[in-house]
Amino acid sequence: MLDSKIPEGHISKKWTDYKDHLKLVAPNNRPKIDVIVVGTGLAGASAAASLGEMGYNVKAFAFQDSPRRAHSIAAQGGINAAKNYQNDGDSVYRLFYDTIKGGDYRAREANVHRLAEVSGNIIDQCVAQGVPFARDYGGMLDNRSFGGTQVQRTFYAAGQTGQQLLLGAYSSLSRQIGVGNVQMFNRHEMLDIVKVDGKARGIIARNLITGEIERHSAHAVIIASGGYGNVYFLSTNAMGSNVTAAWKIHKKGAYFANPCFVQIHPTCIPVHGENQSKLTLMSESLRNSGRIWVPKKKEDAEAIRAGKLKPTQIAEDDRDYFLERRYPAFGNLVPRDVASRAAKERCDAGFGIEANATNEGVYLDFSSEIISKGKQTAYAAGNHHPSDEEVIKLGKAWLEEKYGNLFQMYQQITDENPYETPMKIYPAVHYTMGGVWVDYNLQSSIPGCFVAGEANFSDHGANRLGASALMQGLADGYFVLPYTVSDYLANDIRTGKISTDLPEFVEAENAVKAQIDGFLNNNGTKSVDFFHKKLGHIMWNKVGMGRNEQGLKEAIAEIDALRAEFYKEVYVPGAANELNTELEKAIRVADFMELGQLMAMDALQRKESAGGHFREEYQDAEGETLRDDVNFNFVGAWEYGGSDINNEKLHKEVLDYEYIKIAARNYK
């Protein structure tokens, strides 16, 4: 049975009352207890720093050469918090409500309210660490809007918020490394979890420099290894991002929840060619100032694709600002899944503007904002009748101050000046709402194994609102795990050091070595990337933005055949006892193969459309998601059943909404 351990009481008091009654570990006992943290992005670094500062012995693992290179650094637009600094009606309840609604009513109510409650503390913590959030003229912290909200609650640091937040967490982590409370293992990758008497008691890791297989024991293990978007090969994720840590614990008994809930981000630079291996995200914050459009006439779109017409030559009346047309209340600030599907619909109808293989692309245009902000800036300076040239100059300067590094990045990649010509954007895989199932304590179905940040499923339902990933990662690490992990560890103060000579460690290490030997001794002829790309094509075409029963069944069968070919034909050069990036990729892609099948299975059983999961058979007359709140108001948590993916067993955690009324999502 799935026990979410949601405490009793009114939702506004659940977390406070619950914390007051959790068990504690006294300061003199904490040095007797070891904790492993896998992953050092925002969730992992904040958790390791917090637990280290409390006095626990922490081992932190990162496959990068430094925690500063975690993919959290790529987050651009901001972090949400219910501070109401703009005095525009924000509150903890409104952030809670927006998050539940944005997730299409498929998130756990109690977890989301806790997230909203602690959001303000995150900002205070980060300011104290020296994070350089943007400030207004008077020195107060500035805010901007993000999709799915009608208030300004997003704190930001230009277009590099993730980087600045990670540096803040890294500074805290470094301090604990310096005083000896945290032992840092860079360039190490977790390849299995070790269970002793049913509890998580350690991991098997590979030193990626030497190839050495290592055993590490602990009284609790925290997985904070990020999401699984790279199952699609092309995504906005760093190329090293993977699902291996989360998938290994799934194979040892941790349930995997809602794997079909994947977020497609609407503002990415379109794909250019078949040999591309990475997609670039343009921050959602740009939708504050940019207007999204395509030509109203197909012949204009065709002329643009052929290079015969420039977007600046399209008259205002001949532009279709389709988000503003379809969703007047929210306009360009509808949630990501809504904006992505709307862009896909226009491109599928023949109005795409990018001259690539699929003609997929729409414009993100800043010309209106340049004029508007230019006039405001001139007026504020006492120039009430500026010339057109002055307006444009001042407007561009305003944009540069807000988004300068993003505009520079776009121009470096595309060789087009976004101040002069609209950006080209198109949706791409970005974030995964699904992940390891956890209870209210963020503990998986393996006792002693906790999961934080994007690696768990807990807070975003079927669609994540922008600027909520950074919020969740830091909330989990700074303000949830220190309480819930301590409650679990209170029973271990007399356990003593856990030996890595136990037979469970030997067995897990031998299994890891057997998998490595199998890859290195395989007489294949095709590269790992060959198979990863083929998997990505299947996933994007049949488990991507639009899904249907036939395509999902085909995906399951095609991935099954691809898995068989992978193990027969993959070629991994090099040796085990050395730096071997192809071996690293082979292990990760093997896990992606299995995960891809489960994602298709989960999407097949969920006969509804919700958030990022869009079943073409289940949409209303206007092409919006059509949920089934009678039959599918649950978290789908899968239990591993062996190498045959068809043996996975589905468990259902029914979502009980006491404080929010479930309704059709309406952003019009």
Side-chain angles (χ1 to χ4, degrees), residues 2 4 6 11 95-116 147-149 227-229 255-264 334-341 430-440 442 451 454-466 468-469 471-472 543 545-547 552 598-615 617-620 624-638 650-667:
L2 287 175
S4 59
I6 297 173
I11 197 162
L95 174 54
F96 160 60
Y97 174 80
D98 286 346
T99 306
I100 292 284
K101 178 184 176 183
D104 221 349
Y105 303 92
R106 290 294 177 264
R108 187 189 287 155
E109 208 178 44
N111 286 65
V112 177
H113 196 279
R114 174 174 64 188
L115 178 64
T149 72
Y228 49 87
Y255 295 168
F256 209 97
N258 296 340
C260 75
F261 287 162
V262 176
Q263 180 166 86
I264 313 293
V334 292
R336 291 174 175 178
D337 62 313
V338 177
S340 294
R341 280 193 300 277
H430 178 57
Y431 187 90
T432 52
M433 285 75 66
V436 178
W437 182 89
V438 292
D439 61 19
Y440 190 70
L442 304 186
V451 186
E454 191 178 355
N456 74 32
F457 88 100
S458 68
D459 292 355
H460 306 298
N463 173 62
R464 176 177 67 83
L465 291 182
S468 287
M471 176 175 61
Q472 186 212 341
V543 201
M545 289 177 70
R547 305 162 178 180
L552 292 169
L598 185 62
M599 290 169 67
M601 286 179 59
D602 189 44
L604 185 62
Q605 67 84 23
R606 190 168 281 277
K607 296 180 179 179
E608 65 164 357
S609 290
H613 166 64
F614 190 74
R615 282 286 296 269
E617 306 96 324
Y618 306 101
Q619 56 182 300
D620 64 19
E624 305 295 343
T625 56
L626 195 62
R627 296 194 322 265
D628 181 349
D629 295 324
V630 174
N631 297 303
F632 292 95
N633 186 29
F634 62 79
V635 175
W638 295 87
L650 178 63
H651 301 267
K652 299 178 182 179
E653 178 196 339
V654 176
L655 294 168
D656 182 18
Y657 287 98
E658 295 181 71
Y659 301 94
I660 283 182
K661 181 181 179 182
I662 296 182
R665 248 189 346 167
N666 186 345
Y667 293 98

Cationic N near anionic O, under 4.0 Å, Arg106 to Asp104: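 No salt bridge links Arg106 with Asp104.
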Arg464 bridged to Glu454 by N-O distance under 4.0 Å: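 Here Arg464 does not pair with Glu454 in a salt bridge, since their nearest N and O are not under 4.0 Å apart.
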Heavy-atom check, side chain of [X] versus side chain of [Y], under 4.5 Å:
X: Asn258; Y: Arg606; result: yes
X: Asn666; Y: Glu624; result: no
X: Trp638; Y: Gln605; result: yes
X: Ser609; Y: Phe614; result: yes
X: Phe261; Y: Thr432; result: no

Donor on one side chain, acceptor on other, Asp337 and Gln263, under 3.5 Å: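 No - no donor-acceptor pair under 3.5 Å links their side chains.
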Pair Phe632 + Tyr618: ring centers closer than 6.0 Å: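 Judged by ring-centre distance (under 6.0 Å), Phe632 and Tyr618 do not meet the cut-off.
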Centroid-centroid under 6.0 Å between Tyr659 and His113 rings: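 That pair fails the under 6.0 Å test.
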Within 45° cone and under 6.0 Å: Arg336 NZ/CZ vs Tyr431 ring: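 Relative to the ring axis of Tyr431, which defines the angle, Arg336 lies outside at least one limit.
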Under 3.5 Å donor-acceptor, Ser340 side chain and Ile264 backbone: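 Confirmed, Ser340 side chain pairs with Ile264 backbone.
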Interatomic distance, Lys607 atom NZ to Asp628 atom CG [nearest 0.5 angstrom]: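 Atom-to-atom, Lys607:NZ and Asp628:CG are 11.0 Å apart.
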